[in-house]
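Every chain is numbered from 1 and lettered A, B, ... according to where its sequence line falls, protein lines coming before strand lines. Everything quoted here is computed from the prediction, not taken from an experiment. These numbers come from the heavy atoms of this one structure, side chains and all, not from hydrogens, waters or symmetry mates.
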Amino acid sequence: MTKTKVLLIDDELDFLKVMGTRIQTWGYDVIEASSGKEGIDAIKSKNPDIIILDYMMPEMNGVEVLKEIRRIDKKLPVIMFTAYADRESMKKTEKLGVSSYIPKSSSYTNTQLKIKSAIEIIDKRLRKKEK
Amino acid sequence: MKIRVIVLGEFKKTVDLFDTLRNIKSITLAGICDIDKDSLGMQYARRLKIPASADLAKMLCDKKPDVVMGATNSKRFLRILKRMARRGLNVVDSKTTELLLNIAQEKEKEVNKLKTDFIMTASHELRTPVAVLNEAIQLILDGAAGQTLPKQGQYLEIAKRNIDRMTVLINDLLDLSKIELGTLSLKIIRCDVKELIGKTIEPLKAPARANGIIIRHKIDKMLPWVECDPDRIAQVLAKLVANSIKFTPKGGEVTVISKWYPAVSHKINEEKEAQRKDYVEISVKDTGMGIGKEDIPRLFNRFGLLDASLTRKQGGAGLGLVLCRELVKMHGGGIHVKSRIGKGSTFTFTLPVSNGKSSVLQKRSNL
């Protein structure tokens with residue numbers, strides 16, 4: 001079975017590196033992208049299975065990136081980081097389809113666990129479909 | 001050169017006025033004058049050893065103030081103030097004094113809010129790099145960068161431990177700021193004390209044992225449900241236990257004791273009935289070095305944070321205790337400490353017993 005490919009889009013380079021490595025240790029292939037544009041290019045060229053997207057980014061923010069992603073693929077699972085429990089941002093993105101929201105601001109260990117389980121749930125679903 | 005002020009009379013907000021004046025560095029509160037020797041203001045003055053007298057003329061002569069501030073709405077005093085003003089004395093009438101007091105209090109509130117906002121923002125910003133730092137170290141320890149040599153592992157463990165300490169400090173600062181700003185909320189539910197304490201101290205037992213300290217749990221046979229936010233009480237308990245461990249030498253013991261104090265109702269006299277409510281008391285007792293009498297009052301003081309000598313002595317534990325006190329206060333209880341140098345300390349706090357209605361309550365801090 002090929003490893004599930006996870007694309008991580010976040011403009012904080014250090015966070016990108018450590019989170020990327022951590023996700024690798026969980027047994028996934030990781031593609032790192034430090035901007036919305038890089039992320040979209042990676043989707044076209046590397047065909048990831050799951051996207052993890054940060055909400056707050058300087059050039060293209062999370063919502064805009066999500067819109068672009070949906071233009072390419074309506075069904076690609078997207079997990080989104082949120083800066084605060086921001087209902088405004090959640091409303092905007094709900095229509096576009098987000099698998100789960102993970103607040104980045106809470107305890108790091110919790111964030112990690114939430115990401116892990118979010119990826120696992122999507123991964124299971126995808127593998128069931130394959131069969 | 002300080003401006004010497006005498007206050008004439010008394011407001012309802014008398015103590016506030018005196019506190020405000022005393023906090024202004026360019027003012028000397030030279031005396032308080034009031035006809036009623038036992039008014040609040042006069043009592044306050046005597047307690048603080050500020051000259052207090054009913055004899056205005058004598059006070060003016062002796063203390064030679066630069067300004068006399070009226071703090072009364074009594075017509076008689078107002079006449080006296082007018083007379084003094086006509087004689088050329090610098091007089092501030094009561095309305096102006098009240099205005100100045102309000103301005104000073106508003107300013108103080110503003111400054112406190114700015115301070116707290118700043119602490120909150122800074123702590124928040126600190127979270128991300130600390131989290132990334134933590135993860136980077138943890139990844140190496142987990143072998144993501146290949147095998148680490150024992151010596152490397154040692155230093156990495158030191159790094160990890162201190163990152164954990166930083167994380168706790170930052171979270172405490174954030175919590176305290178939220179409490180101060182009134183944005184921290186509790187989720188009160190019915191809790192099983194035995195379970196709550198057990199879950200909290202279980203992960204602390206092994207590392208404590210590694211340092212030669214035993215953690216015990218003594219519990220009353222019958223313990224009712226309590227009303228509390230389990231995460232926050234677990235936080236308080238964990239801090240108290242961690243503190244005890246820190247200040248207890250090897251071979252020592254830390255005991256968590258939970259006691260039920262059922263409601264007691266007794267008649268004070270024919271009409272009144274005193275009622276003490278049902279509560280559960282939780283204590284953390286250690287056989288550590290103890291805390292000196294002089295240091296105890298400052299232990300929970302928010303400004304104990306700024307007291308460098310205390311913080312250094314306690315290795316930064318001061319912040320945690322302030323947070324414990326605030327969290328317990330929000331539950332309607334209080335925290336107390338009994339200690340003897342060389343023998344140990346006991347920290348105690350209380351929680352209200354559940355009245356049977358299992359309701360979920362959201363409570364906000366209100367300052």
Side-chain angles (χ1 to χ4, degrees), chain A residues 3 6 8-35 52-58 61-62 79-89 101-120, chain B residues 117 119-148 156 159-175 177-178 181 183-185 187 199-200 203 229-232 234-235 238-239 323 362 364:
Chain A
K3 284 193 196 171
V6 176
L8 180 56
I9 308 178
D10 194 315
D11 68 308
E12 277 188 66
L13 295 172
D14 285 343
F15 180 80
L16 192 61
K17 180 119 186 91
V18 295
M19 192 74 243
T21 312
R22 178 53 73 187
I23 298 176
Q24 264 179 348
T25 67
W26 294 334
Y28 304 100
D29 263 342
V30 174
I31 307 160
E32 292 168 17
S34 61
S35 72
I52 302 181
L53 177 56
D54 190 22
Y55 180 69
M56 286 260 178
M57 288 191 289
N61 73 30
I79 298 169
M80 216 158 163
F81 282 128
T82 56
Y84 345 86
D86 192 351
R87 267 181 223 142
E88 284 297 312
S89 49
Y101 295 93
I102 295 173
K104 213 185 198 180
S105 54
S106 58
S107 139
Y108 185 71
T109 325
N110 281 350
T111 310
Q112 239 197 63
L113 292 172
K114 284 183 185 160
I115 297 173
K116 188 162 197 248
S117 40
I119 298 178
E120 273 170 12
Chain B
D117 279 340
I119 292 178
M120 190 152 179
T121 312
S123 314
H124 217 273
E125 296 289 310
L126 278 167
R127 260 189 167 162
T128 313
V130 171
V132 173
L133 186 51
N134 187 44
E135 188 61 2
I137 304 270
Q138 191 62 54
L139 279 170
I140 303 177
L141 286 171
D142 289 345
Q147 227 192 4
T148 40
L156 287 170
K160 180 110 197 357
R161 265 204 305 276
N162 283 277
I163 293 171
D164 287 342
R165 280 168 74 180
M166 253 202 294
T167 309
V168 169
L169 255 164
I170 293 172
N171 286 334
D172 285 355
L173 269 171
L174 262 167
D175 280 344
S177 313
K178 282 193 201 158
L181 291 170
T183 60
L184 189 110
S185 48
K187 296 207 180 91
K199 260 206 277 183
T200 308
D229 180 326
D231 291 333
R232 293 297 179 180
Q235 191 181 3
K239 276 198 197 300
L323 184 54
Q362 286 249 38
R364 285 197 165 225

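Contacts between A:T25 and chain B at a heavy-atom distance below 4.5 Å involve the side chain alone, from C-beta outward. Using a 4.5 Å cut-off between heavy atoms, B:T167 does not touch chain A at all. Looking at A:E12, only its side chain comes within 4.5 Å of chain B, counting heavy atoms on both sides. The part of B:A144 that comes within reach of chain A is its side chain, from C-beta onward, which places non-hydrogen atoms under 4.5 angstrom from that chain.
Counting only heavy atoms from C-beta outward, the side chains of B:E135 and A:T21 never approach each other to under 4.5 Å.
Closest non-hydrogen pair, A:V18 versus B:L139, comes out as O-CD1, 3.5 Å.
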